[in-house]
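Have a look at the structure below, then the notes.
What you see is a predicted model, and the numbers here were worked out from it, not measured in a lab. The figures that follow rest on heavy atoms only: side chains count, while hydrogens, waters and symmetry mates do not.
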Amino acid sequence: MALGDLMASRYSQSSVVTTVVSNHFDESASSHEDGDLGSQRRDSETASSSHGNASASTTTSMAYLPQNKVFCELRHEAFEACVPTGPSDNGLVSKWRPKDRMKTGCVALVLCLNISVDPPDVIKISPCARMECWIDPFSMIPQKALETIGKTLSSQYERWQPKARYKYQLDPTMEEVKKLCNTCRKYAKSERVLFHYNGHGVPKPTANGEIWLFNRSYTQYIPLPISDLDSWLKTPSIYVFDCSAAGMIINAFTELNDWGASGSSRDCILLAACEAHETLPQSAEFPADVFTACLTTPIKMALRWFCKRSLLHESLDDSLIDKIPGRQNDRKTLLGELNWIFTAVTDTIAWNVLPHDLFQRLFRQDLLVASLFRNFLLAERIMRSANCSPISQPMLPPTHQHHMWDAWDMASEICLAQLPSLIEDPNAEFVASPFFTEQLTAFEVWLDHGSEHKKPPEQLPIVLQVLRSQSHRFRALVLLGRFLDMGPWAVDLALFVGIFPYVLKLLQTITPEVRQILVFIWTKILALDKSCQVDLVKDGGHTYFIRFLDSMEAYPEQRAMAAFVLAVIVDGHRKGQEACVEADLIHVCLKHLQGSTPNESTDPLFLQWLCLCMGKLWEDFTEAQIMGLQADAPAIFATLLSEPQPEVRACAVFALGTLLDMGAHSRDGVGGDEECDDDEKIRAEISITRSLLSVVADGSPLVRAEVAVALGRFAFGHNKHLKSIAAAYWKPQSNSLLNSIPSLAHIKSTGSGYGNPNQYISHGNIVSSQVGSVLRVGNDNPSVVRDGRVSTSSPLANSGIMHGSPLSDDSSQHSDSGILNDGVSNGVVNHSRSKPLDNAMYSQCVLAMCTLAKDPSPRVASLGRRVLSIIGIEQVVAKPFRTTSGNVRPGELAKASPSPNLSGLARSSSWFDMSGGHLPLTFRTPPVSPPRPSYLTGMRRVCSLEFRPHLINSPDSGLADPLLGSGGSSGVSERSLLPQSTIYNWSCGYFSKPLLTASDDSDVILARREEREKFALEHIVKCQHSSVSRLNNNNQIASWETKFETGTSTILLQPFTPVVIAADENERIRIWNYEEATLLNSFDNHDFPDKGIAKLCLINELDDSLLLAASCDGNIRIWKDYDLKNKQKLVTAFSSIQGHKSVVRSLSAVVDWQQQSGYLYASGEMSSIMLWDLDKEQLVSSTPSTSDCTISALAASQVHGGQFAAGFVDGSVRLYDIRKPEMLVCETRPHSQKSERVVGIGFQPGLDPAKIVSASQAGDIQFLDIRNDRDAYLTIDAHRGSLTALAVHRHAPVIASGSAKQLIKVFSLEGEQLGTIRYLHTFMGQKISSVSCLAFHPYQVLLAAGAVDGCVTVYANDNSQAR
């Protein structure tokens, strides 16, 4: 199966699974007629409700156990904790590159044969080895023989390095050798010189390592010290010594290099025929120069040696071997095939026995050296059979018995068996050896069973060789792709073995079938090592990927890989950027982002990488940015900000951010007569900034982090204007100015609905209503914008525009006027010429920056604070001091010890420079000592940042840097403080992970899920059919003193473990095992809480559950590993109602989570209900609550996805169904007699979607069947005027209510009171205070109660025992 198909099948399977699993009511399913999934679901629901509980076990499985999971994507692993790194371009990974390619430029051959005169220390046997370079020296006159042998040796070496210069000296004197060496070094310059010495006609080397030459008259042997030879040839060099006792020379060299000044680091390689005590083999079956024969004619030598030992020796003689047809470099011939197999075998042996760096040096750096060392392995094998051990420096481990030699013998035999018939009939067809096919199969077997922790596959060098052949290439590429997919370690191994030049060359082929797999392989390489971008651009490889990106045949996932490769090519590489712009990459990407065909642009990975590719192309490259703006890129990217995948939205924001001009030239005083280009640029900037503002309150921190980075770029480019706006916030405004501008006056009266809902909701974002109004100011009344005399801060003067803005804070209003001079508005705000962007836009940007600085996600908040520092709003960071119990409020803390704990916003001195000295001197430098309290309140009013002292834990939390601009800082240092985007590096991580195989732990996860489903179903049936008997004081099974000083505000029982989770008003969360009475974990929901926790919910309760903690201000934080001591991790955080909250400071959010639909419902003191899709991390809609009062209680149905009920402050109750276009199903006012606020609301157990229980503060509990009867069918007056909490069991027919009078009452659904739990005096004499929260266990009749004094108790029903 081709890798492309393998990938496709994997992706298609996974998508099938998700469709079955996900039961979202998406846009398509919301119109019931065409939503199959929706209709099936409704049928099952209606069927089950009509049968009642008769078929409980089957209906419950469908209705009660949601199959979907959220927050299990890569982005939820550790967004807060880690800073991702992209592909590396230095350090460890680039070690695979040969440090410096080298070639042997000159070869010196010295032959001392002295034919017909034997040296004195040699006694020859008879018959004796005679052949030199396959020539019998006695077959012709000695002088001619000598010359022929010299020429032949030269031509044998040339076969391995044709481009080198060859020189030889035959039976030379010392002067001739010296001249030869000097000439070679002079010619070779810094290249390598090879020195070959054949000493068969002279005595053995001496113990001092001298080799022998002749005098002029050939009457004496003259010794040549190795040190002289070394000084003439210098380095880099390689020596071949073919003589007896050659090991002596090696020993002398070793000593020389040890004693020499340069040490052993010299690039000097030695090959010697035998050890110091050995003589060369004299057997007639070998040539006399067997070592040279192995090194220069390996195939001939290997086959001759093999034939004498194989069964073929009868049918083949040596003369036939000399006639092997073909050329060595033509793989389709017999000789070429043998040569190819030999190369593969010797490479594989070397790869498997040598350390990687030595393999690199000897086998990948220099072609001639690599060939000689491959052939040296053969020499070791053949000569050891004659009791002779060739040696080398650097030393190699023994390889003569490596099992790959068996593979070589077999391949040789198969090839040689064809030889006689091929020689007889030159036209006979040569049948290729099965060697490569078998080796690829062996590699495939390894892939099925191997892993990082096992021995690496020894066939890797063979796979490399196979890439050179068209017949095996496709299979080899597919297997290589599978190997690289195993992880970065595999890519590193493949690069070390030398794959890179081959896959680079393959980009020049046009074979269509290898395109997909080649793109995959390059994806894997670049995910590890970015430095390859240079090679790709140099070889024009980028065009290959642009063509692939533009082709419609490939799967979107594969085209996403091509986009990734292109993104790496242009990442910080100007030549790459220029080459891709030239190849029209911008238009190709924008075309696919627009989705020229209806079905192609749906793949999120493809969209994500198109965005990143564009962003990286535009990054710091003005020409490309201008081309992007001309091609209307901002509009194209704006549509992507409503995509369902957070990754796509984040990448679109990143791309938009890179289009923002960083303002190399100052923006002050841009004249009205600027060229049209500048106007277009300004229009583009306005449109980009609007797009960014639309996602400031996105549900995913991934997106908001990128918005902060983009706004940082914007703030850098528009620094002065934004500083003016921020400065103007400090000045108290008179309302007369506000009322004098008609288009601003109407802002006061606008409600909190949208001006034009579709304009914003379509993007699934939260734009505050007031910011919407400000936007319209900019559009409706250009004169306001153009008139430089209008104070910039006027659009924001109204308290409605600033959420909790300075002006709504009466306490701080009077303290400011003493600090700030009235000159601000003249000195700072008014410029004589128009500004590049309108003031309303700047105001919104400052607002957005403030919002980000208060983000519930610590990483986003730290980015937001960094952005604020760019426009001169600084946070003075002081370390707060927290008691060990963690219960002291930061506010009280500041009162208790003012000096170390004060913090606020200070201006850097750049404010002073900018405003022409109108500010009082206090602001020249940031205050070092704690400022006066009145001064602090004034500062804190800026943008109502409500910054408390922040702990600095990590380098990127807050601004630990010295305050910006305190010494008249230059733009360069400010630029280094710009927040950096992480989305590109984070996204690259996806391609480093295995893409072709599913993770191994899925079976374990499924098994645990099945076990939990079984447990849940059994207990649901028990709950439905059991009659709940008494629940009273005698049934208490656990009691826990939480030590919450502010009392327990919310409580939750875990479904599958005996664990209770409680939280207090200080947002401290504690997790307790009530069976073992042990505290499992205790942590703060965030560093400076002051709102209290409104709700705790479990997400994915049937799997690895996550804890959702909703603060009263509507901030949602989701935790994993929350029950492990100090191991809790923040998965994600967002503000569910922030963008819509009214001016009221105290905000009590109501929130509920519905696993079936994956929706979170949130509301607060506002007139609409926010509907969040937590899978997409996106606001789906903002439903008007159709009531003038605010919601005080909210409950989502755990049975019917998409249904929820809300109780209001005026006592009314409404039922909603998000599948209905108008949402509202029906409404009623059950608590009309007393009109008290609804304290608790819940769906009754069972499948009836309209049966609701509602309890009001007055103490009455109403049982409603909303669809059938508007009035309550049952009323219980449970507590007189003091009801504080209500709990409805999910499956058992039981409800509980708690009162401020230390009382809990339990009722059946028929209204019968099943028990009263009074808080009695305990034996320690404590009286428990009023009940603050109640919660039932989802699958058992267990009730947990929390009290105002922090005590938590758990009660069990008589009939059911706690596990």
Polar side-chain atom of [X] near backbone of [Y] as donor-acceptor pair, under 3.5 Å:
{"X": "Q516", "Y": "V514", "answer": "no"}
{"X": "D485", "Y": "L996", "answer": "yes"}
{"X": "D539", "Y": "G541", "answer": "no"}
{"X": "Q365", "Y": "M102", "answer": "no"}
{"X": "R649", "Y": "P644", "answer": "yes"}
{"X": "Q1178", "Y": "E643", "answer": "yes"}
{"X": "E706", "Y": "F654", "answer": "no"}

Whether [X] and [Y] hold their rings parallel, tilted or perpendicular, with breakpoints at 30° and 60°:
{"X": "F483", "Y": "W446", "result": "perpendicular"}
{"X": "W609", "Y": "F564", "result": "perpendicular"}
{"X": "W522", "Y": "F545", "result": "perpendicular"}

[X] vs [Y] side-chain heavy atoms within contact, under 4.5 Å:
{"X": "L641", "Y": "L656", "answer": "yes"}
{"X": "P701", "Y": "R859", "answer": "no"}
{"X": "F606", "Y": "L549", "answer": "yes"}
{"X": "R482", "Y": "D448", "answer": "yes"}
{"X": "S857", "Y": "T1132", "answer": "no"}
{"X": "W618", "Y": "M627", "answer": "no"}
{"X": "F548", "Y": "L518", "answer": "no"}
{"X": "I870", "Y": "P979", "answer": "yes"}

What's the shortest heavy-atom distance between [X] and [Y], and which atoms?
{"X": "G498", "Y": "R364", "result": "CA-NE, 3.9 Å"}
{"X": "A848", "Y": "V696", "result": "CB-CG2, 3.6 Å"}
{"X": "A710", "Y": "L660", "result": "O-CD1, 3.5 Å"}
{"X": "P858", "Y": "L1130", "result": "CD-CD2, 3.5 Å"}
{"X": "A708", "Y": "V867", "result": "O-CG2, 3.2 Å"}
{"X": "C611", "Y": "L593", "result": "SG-CD2, 4.1 Å"}

Checklist entry - Between V565, L526, L504, V503, which is the residue that forms a side chain to side chain contact (heavy atoms under 4.5 Å, CB included) with C532? => result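 Considering V565, L526, L504, V503, a side chain to side chain contact (heavy atoms under 4.5 Å, CB included) with C532 is found only for L526.
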
Within this structure, what is the [atom1]-[atom2] distance for the pair [X] and [Y], rounded to the nearest 0.5 Å?
{"X": "L506", "Y": "T511", "atom1": "CG", "atom2": "OG1", "value": "8.0 Å"}
{"X": "K524", "Y": "L995", "atom1": "NZ", "atom2": "CG", "value": "4.0 Å"}
{"X": "D571", "Y": "C988", "atom1": "CG", "atom2": "SG", "value": "7.5 Å"}
{"X": "L659", "Y": "I626", "atom1": "CG", "atom2": "CD1", "value": "11.0 Å"}
{"X": "L447", "Y": "M486", "atom1": "CG", "atom2": "CE", "value": "6.0 Å"}
{"X": "H573", "Y": "K530", "atom1": "NE2", "atom2": "NZ", "value": "9.5 Å"}

Next on the checklist: Between R704 and D698, is the salt bridge (Lys or Arg N to Asp or Glu O under 4.0 Å) condition met? List the steps.
Outcome noted: CA-CA 6 Å; R704 299 196 305 276; D698 191 276; 5.7 Å; no

Item to check | Test item: side-chain donor near acceptor, Q470 and R473, under 3.5 Å | outcome: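 There is no such pair between these side chains.
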
Checklist entry - Should T348 and E458 be marked as a side chain to side chain donor-acceptor pair (under 3.5 Å) after you check the CA-CA gap, both sets of side-chain angles, and the distance that decides it? => result CA-CA 7 Å; T348 304; E458 55 184 38; over 6 Å; no

Checklist entry - What's the verdict on side-chain contact (heavy atoms from CB on, under 4.5 Å) for L629 and E680, showing C-alpha distance, side-chain angles and the deciding distance? => result CA-CA 8 Å; L629 295 177; E680 275 176 26; over 6 Å; no

Next on the checklist: Run Y990 and Q608 through side-chain contact (heavy atoms from CB on, under 4.5 Å) and show every step you take.
Outcome noted: CA-CA 12 Å; Y990 172 81; Q608 181 183 346; over 6 Å; no

Checklist entry - Does R475 pair with E444 as a salt bridge, N-O distance under 4.0 Å? => result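 So R475 pairs with E444 through a salt bridge.
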
Checklist entry - Using 4.0 Å as the upper bound for N to carboxylate O, is an ion pair formed by K616 and E619? => result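 A salt bridge links E619 with K616.
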
Item to check | Charged tip of R97 within 45° of F500 ring normal and under 6.0 Å | outcome: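 Yes, R97 lies over the aromatic ring of F500.
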
Next on the checklist: Using a 6.0 Å distance limit plus a 45 degree cone around the ring axis, check whether K1120 lies over the aromatic ring of F71.
Outcome noted: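 No.
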
Checklist entry - Is the number of heavy atoms from other residues, nucleotides or ligands within 6.0 Å of CD (Q508) greater than 12? => result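 More than 12 heavy atoms, drawn from other residues, nucleotides or ligands, come within 6.0 Å of this atom.
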
Item to check | Step-by-step side-chain contact (heavy atoms from CB on, under 4.5 Å) determination, W489 to L528 | outcome: CA-CA 9 Å; W489 63 272; L528 177 84; over 6 Å; no

Item to check | Worked check of side-chain contact (heavy atoms from CB on, under 4.5 Å) between L507 and L536 | outcome: CA-CA 9 Å; L507 293 178; L536 278 171; 3.4 Å; yes

